[in-house]
Amino acid sequence: MRVAERIKHDGGTPAKAAAAPSLPPAVVRPRKRRGVNREGLEAGRRSTRTLLWILLAAAMVLYGFPFLYLLFTSFKTPIDTIAVPPTILPKEWTLENYTNALGRIGVLASFINSIQTAIISTVLSLVLAVPAAYGITRYKTLSGRIFIMAALVTRMVPPVAIGIPLASMMGTLGLSDTPIALSIAHTTISLPLSIWLMSSFFEAVPKDLEEAATVDGCSRLGALWRVVIPVVSGGIAVTAIFAFLASWNEFLFALLMTAIRSQTTPVVIANFQTQFGLDWGSMTALAAVYSIPVILLTLLLQRKIVAGMTLGAVKG
Amino acid sequence: MSTRTFISRLAVGGICTAVALSATACGAGGPATTSGSAGTNTVNVLVEAGGHAVLTGVAEQCKQNAGVDVNFVELPYDGMFNRLSSEFSSGNVSFDVAALDSVWLPSFKDAVQPIDEIFTDEAKKDIFPSLVKEANVDGHFIGLPAWTNAEIILYRKDLFEDTKNKADFQVKYGYELAAPTTWKQYQDISEFFTKDGIYGTDVKGGVETEWLAHVLQAGSPMVLDGDKVVIDNAAHKEALDFYVSLVKDAPSGAAQVDWAAAQNLFNQGKTAMTRFWAHAYRQIPADSAVAGKVGAAPMIAGSAGIGGVPGPWYLTVPKATKNTEAAKKFVQCAYDYNDKGIESNLGLASRISAFEKYQDKEGYESFGPLIETLNGEATATRPATEKWQQIVDTVLVPMLQKAVAGGDSATLLADAKKQIEDLLK
């Protein structure tokens with residue numbers, strides 16, 4: 001075996017190369033170059049990784065800063081919150097804003113309303129989106145394609161344009177100022193997105209799985225329930241989170257459709273800005289508290305979300 | 001029980017509870033009502049979040065003395081107009097009384113009932129004349145002013161009373177340093193105090209009311225004289241030139257300064273004077289650099305005298321309410337117990353007697369200047385047109401922003417006239 005071939009065969013490790021007797025310098029050179037390349041490659045990888053970490057950290061700061069600023073502001077004294085120029089950290093830490101915000105009449109009720117509305121809206125979205133998306137992806141008909149495109153139309157209309165007619169319709173139905181009315185309104189926002197998301201998840205599930213289940217005696221619905229849905233459970237979690245968030249943070253419909261009984265927290269938060277002044281401290285305190293359930297929910301479902309987002313990534 | 005099982009059960013429990021509650025059409029506040037509270041002694045009052053405090057004391061008195069229970073529906077200012085439009089146009093209202101900003105009265109005049117019986121001769125004497133005039137639309141009183149406000153002068157008493165400042169000012173301008181009463185004095189004092197990191201005043205490019213007050217002081221109706229657009233007349237130009245002349249003595253970025261920014265600047269001790277709504281006097285934070293050091297004076301006067309733009313809110317009774325009797329009782333309460341609003345943190349009312357009752361008390365030093373401004377010979381309410389808000393948002397504020405950034409006043413006013421005429425077509 002020629003030396004060059006032997007080096008190639010041995011994997012080019014320095015130890016094995018050193019064992020070769022009386023190697024001419026010309027032949028050794030490539031070995032040395034390969035060693036340098038590997039170190040260079042390692043260094044390159046390290047610098048790429050460092051760069052990625054820096055970019056990641058920058059992105060985190062970019063996304064996280066507004067929330068951190070909100071959090072810090074919620075612990076500031078009233079005069080600190082309006083400081084010119086603004087400060088990031090409180091000069092003096094206080095819980096006064098939390099006492100004010102949570103002690104305000106109607107705040108607790110608004111939290112319950114927000115939770116109730118978001119849950120109903122999420123359930124409604126999933127109950128409607130899962131079968132719709134399944135039907136569209138499995139039957140692949142022209143009407144299905146038209147339907148999925150048409151579902152997006154509601155997302156193309158400014159919410160304020162449908163908010164006022166929706167509020168009037170709910171009034172006619174005797175549903176004014178109820179969580180169910182607001183949930184239905186919120187479902188108009190989350191349903192199109194849910195159908196599209198679920199469609200992509202169903203697309204990723206091989207038909208063979210269902211066919212195998214059918215061979216084993218499952219009906220079509222049985223296969224959907226016992227085989228397909230467990231496979232796309234990550235996708236359902238992702239869709240549920242999006243639907244929940246869409247309702248949880250929604251403001252305009254809540255403003256137009258709720259009053260005493262079903263007012264949600266985003267409206268209550270907005271009420272801290274009045275024509276006579278802005279209570280920054282209390283507003284940020286309530287906003288910070290309001291974000292806790294969503295953070296917890298996201299953390300609890302984190303693994304499902306990641307699984308859902310990568311579902312279909314290896315489809316081949 | 002594993003964590004997973006616990007979470008699953010919790011989720012299922014939550015969903016069941018939410019669905020069960022929704023089945024009964026209940027929110028956390030209890031069973032839903034459709035339109036007001038028909039035929040009962042309970043009224044739903046729609047109010048901007050800041051005004052809620054003013055009416056709380058009234059509601060307590062009303063319950064005690066007239067047997068009327070009040071539920072407040074609080075909404076943020078920016079969303080209230082949309083909500084009112086939505087409910088009034090549907091004819092299905094969720095409130096029995098609505099507190100309306102004065103600029104909205106022309107827009108909703110056909111959706112609310114006359115309340116002439118509340119405007120007795122005695123009442124008309126006890127409410128500021130400009131408000132009595134504004135409340136009367138097409139020959140009927142349609143709203144009771146629940147509280148009102150106007151811009152006055154707030155100034156740093158400590159700086160004005162400083163011996164060195166007084167002496168230096170006397171030398172430089174030839175008259176005694178005191179709260180300004182004229183445009184010239186306001187300019188001089190602004191210039192004098194612009195030093196050592198402090199500015200003499202602020203200039204608000206983000207809001208129009210202050211410039212309009214100067215227009216009144218210069219002797220012209222604001223923007224419209226009947227149906228005629230007069231924004232390009234001499235008084236408007238004079239007022240705009242005066243407004244812009246203060247930019248050199250104000251913090252930078254005047255085009256973006258609005259009420260909140262100006263209030264912050266003053267409370268932080270960055271400006272020596274501000275023209276601001278009177279309620280701000282009582283809202284200076286206790287830990288502010290200027291707490292206890294602020295004086296109040298009436299709005300400055302131009303050639304036509306003291307002029308301000310009142311900022312009242314009117315209580316109205318929708319035609320669509322099914323509970324007119326109780327609603328009108330509440331509006332009457334708002335007149336009878338009007339001074340209760342003064343004891344709120346906002347500290348405002350609408351009856352002259354209510355302001356007078358408190359004006360000599362400690363902490364209410366802004367009331368004297370407020371009364372004087374509201375009674376000012378040039379004081380007037382905004383033009384009664386449905387398009388007013390649109391005129392403000394699309395013409396007046398952009399024009400002011402260009403003016404404080406250095407635009408030519410005559411050209412800007414001429415352009416504004418054309419735009420307004422197009423809007424009113």
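The chains referred to below are lettered A, B, ... by the order of the sequence lines, with proteins before strands, and numbering in each begins at 1.
- Using a 4.5 Å cut-off between non-hydrogen atoms, the part of residues 279-286 of chain B that approaches chain A consists of B/H279, B/Q283, B/P285.
- In this structure, no portion of A/T122 lies under 4.5 Å from any heavy atom of chain B.
- Heavy atoms of other residues, nucleotides or ligands lying less than 6.0 angstrom from CD1 of B/I198 number more than 12.
- Every residue meeting the ring pair (Phe, Tyr, Trp, His ring centres under 6.0 Å) condition with A/W93, not counting sequence neighbours, appears here in chain and number order: A/F75.
- Considering CG of B/N264 and CH2 of A/W280, their distance stands at 10.0 Å, rounded to 0.5 Å.
- Nearest heavy atoms, A/T258 versus B/R83: O-NH1, 2.6 Å.
- Annotation: side chain of A/T274 is not in contact with side chain of B/E74 (no heavy-atom distance under 4.5 Å).
- Top candidate by heavy-atom pairs under 4.5 Å with chain A, chosen from B/S86, B/S90, B/S89, is B/S86.
- Using a 4.5 Å cut-off between heavy atoms, A/M257 contacts chain B through its backbone alone, with no side-chain atom that close.
- At a threshold of 4.5 Å between non-hydrogen side-chain atoms, the residues A/Q263 and B/L75 count as touching.
- Contacts of B/L348 with chain A are made by side-chain atoms alone, with heavy-atom separations under 4.5 Å and no backbone atom involved.
- Taking CG of A/L278 as the start and CG of B/D258 as the end, the distance is 10.0 Å to the nearest 0.5 Å.
- For a residue to count as touching a neighbouring chain, one of its non-hydrogen atoms must lie under 4.5 Å from one of that chain's; by this rule A/F251 touches chain B with the side chain only.
- Here CD of B/Q268 is found 4.5 Å from CD1 of A/I79. Values are rounded to the nearest 0.5 Å.
- From A/I260, atom CD1 reaches atom CG of B/N44 across 3.5 Å, with rounding to the nearest 0.5 Å.
- Expressed to the nearest 0.5 Å, how far CZ of A/R261 lies from OG of B/S94 amounts to 10.5 Å.
- Separating the CG atom in A/L252 from the CG atom in B/N82 is a distance of 7.0 Å, to the nearest 0.5 Å.
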